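A short worksheet on the structure shown next.
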Amino acid sequence: MTLPIILAFDLSSNHHEEEFWHRTIIQKTQSAEDIHQAITYMKNNNIFNITKKIASDYIKKAKDNLTIFAESEEKTLLENLLNFVINRSH
């Protein structure tokens with residue numbers, strides 16, 4: 001289960017959303033249309049922005065932890081990877 005799903009499940013704003021997440025995640029009863037409903041609920045509850053903020057916090061911690069290492073190709077690759085992860089559009 002991914003962080004956006006966990007947050008959406010935990011931050012449901014009404015009983016209808018709670019039932020939706022329980023059916024689709026716990027009971028694993030899903031339809032083709034459910035993905036659109038899930039995205040709508042996530043957008044309405046700001047889940048994507050919350051998830052990005054949490055990811056940004058972890059990336060900052062990771063970058064801070066890299067400061068103990070001398071400059072190297074490997075360190076640069078890790079820094080570039082961290083930048084890619086937070087800046088990607090998908």
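The basis for the numbers below is simple: all heavy atoms, side chains too, and nothing from hydrogens, waters or symmetry mates. What you see is a predicted model; the values in this text were computed from it and never measured.
Every residue two or more places apart in sequence or in another chain that forms a side chain to side chain donor-acceptor pair (under 3.5 Å) with E71 is listed here: K75. Residues forming a side chain to side chain donor-acceptor pair (under 3.5 Å) with K52 (at least two apart in sequence, or on another chain): none. Under the salt bridge (charged side-chain N to carboxylate O under 4.0 Å, His left out) criterion, K53 pairs with D57, sequence neighbours left out. With sequence neighbours left out, F9 forms a ring-ring contact (aromatic ring centres under 6.0 Å, His included) with no residue at all. I68 pairs by the side chain to side chain contact (heavy atoms under 4.5 Å, CB included) definition with nothing, not counting sequence neighbours. Residues satisfying the side chain to side chain donor-acceptor pair (under 3.5 Å) criterion with D64, sequence neighbours excluded, are K60. Residues satisfying the side chain to side chain contact (heavy atoms under 4.5 Å, CB included) test with H15, not counting sequence neighbours, are E18, E19.
Between the CG atom of D10 and the CH2 atom of W21 there is a distance of 11.0 Å, given to the nearest 0.5 Å. With rounding to the nearest 0.5 Å, the separation of CD in Q37 from OG in S31 is 9.5 Å. For the atom pair CD1 (I25) and CD (Q30), the distance works out to 6.0 Å, reported to the nearest 0.5 Å.
The hydrophobic clustering, which links ILVMFWY residues whose side-chain heavy atoms are closer than 4.5 Å, places I47 and V85 apart. Residues I6 and Y41 fall within the same hydrophobic cluster, defined by Ile, Leu, Val, Met, Phe, Trp and Tyr side chains chained together at heavy-atom separations under 4.5 Å. The hydrophobic clustering, which links ILVMFWY residues whose side-chain heavy atoms are closer than 4.5 Å, places F20 and F48 together.
Between M42 and A8, the closest heavy-atom pair is CG-CB, 4.0 Å.
Legend: salt bridge (charged side-chain N to carboxylate O under 4.0 Å, His left out) pairs involving residues 24-48, not counting sequence neighbours, sorted by first then second residue: R23-D34.
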Ignoring hydrogens and angles, write down the donor-acceptor pairs under 3.5 Å from the side chains of residues 77-84, residues two or more places apart or on other chains.
unit_1	atom_1	unit_2	atom_2	d
N80	ND2	T76	O	3.4
N83	OD1	K63	NZ	2.5
N83	ND2	E79	O	3.2

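No option in I54, N45, N46 other than I54 meets the side-chain contact (heavy atoms from CB on, under 4.5 Å) test with L7.
Annotation: Q27, atom CD; neighbour count of heavy atoms from other residues, nucleotides and ligands within 6.0 Å is above 12.
The backbone N or O of H16 lies less than 3.5 Å from a partner atom in the side chain of N14, making a donor-acceptor pair.
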